[in-house]
2 protein chains.
Amino acid sequence: MSSNDKTWLSPAVRAAAVTRSLKAGEALFYRGDKVASLFEVIEGHVRLSRIDSAGHEVLLYVAGTGETLAEASLFSPTYHCDAVASAAATVRAYRKSAVLAVFDKDPAAARSFTAMLARQVMSLRTRVEQRNIRSARDRLRHWLSVNAGADGRTVPLTGTLKDVAAELGLTHEALYRALAALARSGEIRRTRETIVLLHRKRK
Amino acid sequence: MSSNDKTWLSPAVRAAAVTRSLKAGEALFYRGDKVASLFEVIEGHVRLSRIDSAGHEVLLYVAGTGETLAEASLFSPTYHCDAVASAAATVRAYRKSAVLAVFDKDPAAARSFTAMLARQVMSLRTRVEQRNIRSARDRLRHWLSVNAGADGRTVPLTGTLKDVAAELGLTHEALYRALAALARSGEIRRTRETIVLLHRKRK
DNA sequence: CGGCGTTTTGAGAGAGCTCAACATCGGTGG
DNA sequence: CCACCGATGTTGAGCTCTCTCAAAACGCCG
């Protein structure tokens, strides 16, 4: 989702921000809470998820160091998902009212924020498309293609494979098997922290 | 996805829009092209895709009737994917420069656009959540809950059930069976154009 | 009445999920 | 230094569920 471009956060708002530490499992906010702030992750990871009617956690996004979360909630009275620190984490809170005030006075900041949202929309659309793929192997292929780095072949592994499985909407077993199958067929090569696409065959 | 609120499109921009017909397989733009316009799909579907390093098409999104595409490209000098009509389609083109000019002069329009993007982000997250539900019955339940009307029980059927199946990412057979099962168990009641939730049991 | 698309129902097969066992890797404490 | 422990990574076996292929009833329109 890469919310890395934060030019929309003016120095004034940054100065007024409050830093907060979270223990593992501690919540930043819950779905339905009144929106007070949006957050930037300083250290650690924050899981954005919902609990579906079957009681299962549905992972929406994992915000890592340097990323922001709940930007979309700026225009909503309440949060639309839960935010929980998966491990000890530090976040900075920017007050909603302050951010909106800046947008009124600084068109460039507002425009930068809009651009960031537009990128998120694209990213989410891609994820919806990914979920349409039924086969675990093909879904993995799609993810690898979309997440390939600049060379179009190397995919960095940031978190654990279990996190990747959750992002892909697969059980971790299914992901392991799909990875093993692609590695066996020579389609990819795995190292500890990257996956390299070898795309040998052309059909 | 409901990009239906287009208050950010001022009458002036609307008036200057160009309607264009696409034949099946005809391209709207290619990756790397200079961004000239953003588009609204009037009829048909437009496939947004990229070609990966192995020469395979990676489908990013299929924009349907009423949806906009290339919003994010408003802030980019070039398009980042290909847009091709999968069948005959009609689109309306809004010139990038015109849209941006309006945003500069009319903060309310700009803000409206930003809010629309924020709503899209939330809506897309909901859809991702829906696709995470494996069971056809539970996915249908989720959809019914989300789409229930004001009374929280009545769901209007706008298109055909096949359309609903596509929206849910299920085969139409699976949807029919899930509907029949819920009706049999007394969880819903169906009429020609609505589905009523009876939510009898609490587990 | 005769197509054509939607709605239903049936049977079989494939694929991912569940449950289970085990390996691996850090980290922790004796 | 080593035993222990928890989480991640890996593989196996069976089961359930959806998909696929098929066929038929239904509704709409020319």
Side-chain angles (χ1 to χ4, degrees), chain A residues 23-25 44-45 47 52-59 62 64 84-89 130-144 155-185 187-195, chain B residues 43-45 65 87-88 128-144 155-185 187-195:
Chain A
K23 297 189 189 69
H45 297 268
R47 297 166 61 89
D52 70 18
S53 55
H56 296 119
E57 180 186 28
V58 179
L59 187 61
V62 177
V84 177
S86 48
Q130 170 198 90
R131 290 304 213 282
N132 269 347
I133 302 172
R134 202 73 51 170
S135 152
R137 204 166 308 179
D138 287 341
R139 194 182 290 189
L140 174 57
R141 283 199 187 97
H142 182 269
W143 183 81
L144 290 171
V155 181
L157 292 177
T158 51
T160 69
L161 287 180
K162 286 187 76 164
D163 289 339
V164 175
E167 185 182 333
L168 282 170
L170 295 171
T171 59
H172 57 279
E173 296 100 318
L175 174 61
Y176 292 138
R177 282 187 243 269
L179 278 170
L182 291 191
R184 246 197 320 277
S185 74
E187 200 168 327
I188 62 172
R189 190 184 313 135
R190 299 175 57 186
T191 69
R192 176 162 302 279
E193 51 215 11
T194 64
I195 297 175
Chain B
E43 194 191 347
H45 297 269
T65 302
V128 170
E129 174 176 355
Q130 172 197 89
R131 292 303 168 85
N132 263 356
I133 302 171
R134 199 74 47 171
S135 153
R137 204 165 309 179
D138 288 341
R139 194 181 293 187
L140 173 57
R141 282 198 187 96
H142 179 268
W143 182 81
L144 290 172
V155 181
L157 292 178
T158 52
T160 69
L161 288 180
K162 287 187 76 166
D163 292 338
V164 174
E167 184 182 334
L168 282 170
L170 295 171
T171 59
H172 58 279
E173 296 99 318
L175 174 62
Y176 291 137
R177 283 187 242 270
L179 278 170
L182 291 190
R184 245 196 320 276
S185 73
E187 199 168 327
I188 61 172
R189 189 184 314 134
R190 299 175 58 187
T191 69
R192 175 162 303 280
E193 51 214 13
T194 65
I195 298 175

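Below, chains carry the letters A, B, ... as their sequence lines are ordered, and counting in each starts from 1. Keep in mind the model is a prediction, meaning the values are calculated, not measured.
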Nearest-Å distance, [atom1] ([X]) to [atom2] ([N])?
{"X": "B:D138", "N": "D:dT16", "atom1": "CG", "atom2": "P", "value": "16 Å"}
{"X": "B:R137", "N": "D:dC17", "atom1": "CZ", "atom2": "P", "value": "8 Å"}
{"X": "A:H172", "N": "C:dC19", "atom1": "NE2", "atom2": "P", "value": "12 Å"}
{"X": "A:L175", "N": "D:dT11", "atom1": "CG", "atom2": "C1'", "value": "14 Å"}
{"X": "A:D163", "N": "D:dT8", "atom1": "CG", "atom2": "P", "value": "8 Å"}
{"X": "A:L179", "N": "D:dG9", "atom1": "CG", "atom2": "P", "value": "10 Å"}
{"X": "B:R131", "N": "D:dT18", "atom1": "CZ", "atom2": "C1'", "value": "15 Å"}
{"X": "A:L140", "N": "C:dA15", "atom1": "CG", "atom2": "C1'", "value": "15 Å"}

Measure from the side-chain heavy atoms of [X] and tell me the nearest of [options].
{"X": "A:T171", "options": "D:dG9, C:dT18, D:dT18", "value": "C:dT18"}
{"X": "B:K162", "options": "D:dT8, C:dG16, C:dT7", "value": "C:dT7"}
{"X": "B:E173", "options": "D:dT10, D:dT20, C:dC17", "value": "D:dT20"}
{"X": "A:A180", "options": "C:dT8, D:dT11, D:dG9", "value": "D:dT11"}
{"X": "B:A136", "options": "D:dT20, D:dT18, D:dT8", "value": "D:dT18"}
{"X": "A:Y176", "options": "D:dT10, C:dT6, D:dC21", "value": "D:dT10"}

#### Entry: Side-chain donor/acceptor contact of B:R177 with base of C:dG10 under 3.5 Å
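Indeed, a donor on one side and an acceptor on the other fall under 3.5 Å apart.
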
### Task
Kindly say whether, by distance alone, the side chain of A:R134 makes a donor-acceptor pair under 3.5 Å with the base of C:dG14?
no

### Task
Flag the pair A:H172 / A:T160 as yes when at least one side-chain heavy-atom distance between them is below 4.5 Å, and no otherwise.
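Not in contact.
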
### Task
May I ask you to test the B:L161-B:L179 pair for a side-chain heavy-atom distance under 4.5 Å?
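Yes - at least one pair of side-chain heavy atoms lies under 4.5 Å apart.
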
### Message
Let me confirm one number: the CZ-CZ distance from B:R137 to B:R177, rounded to the nearest 0.5 Å.
### Response
11.5 Å

## Note on the structure
Paired with A:L168, the side chain to side chain contact (heavy atoms under 4.5 Å, CB included) test is passed by just one of A:H142, A:Q130, A:R131, namely A:Q130

#### Entry: Positive for side chain to side chain contact (heavy atoms under 4.5 Å, CB included) with A:I188, one of A:T194, A:L182, A:V155
A:L182

### Query
Checking all strands, does B:R190 fall into the base, sugar-phosphate, or nothing category for heavy-atom contacts under 4.0 angstrom?
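Sugar-phosphate, backbone atoms only, no base.
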
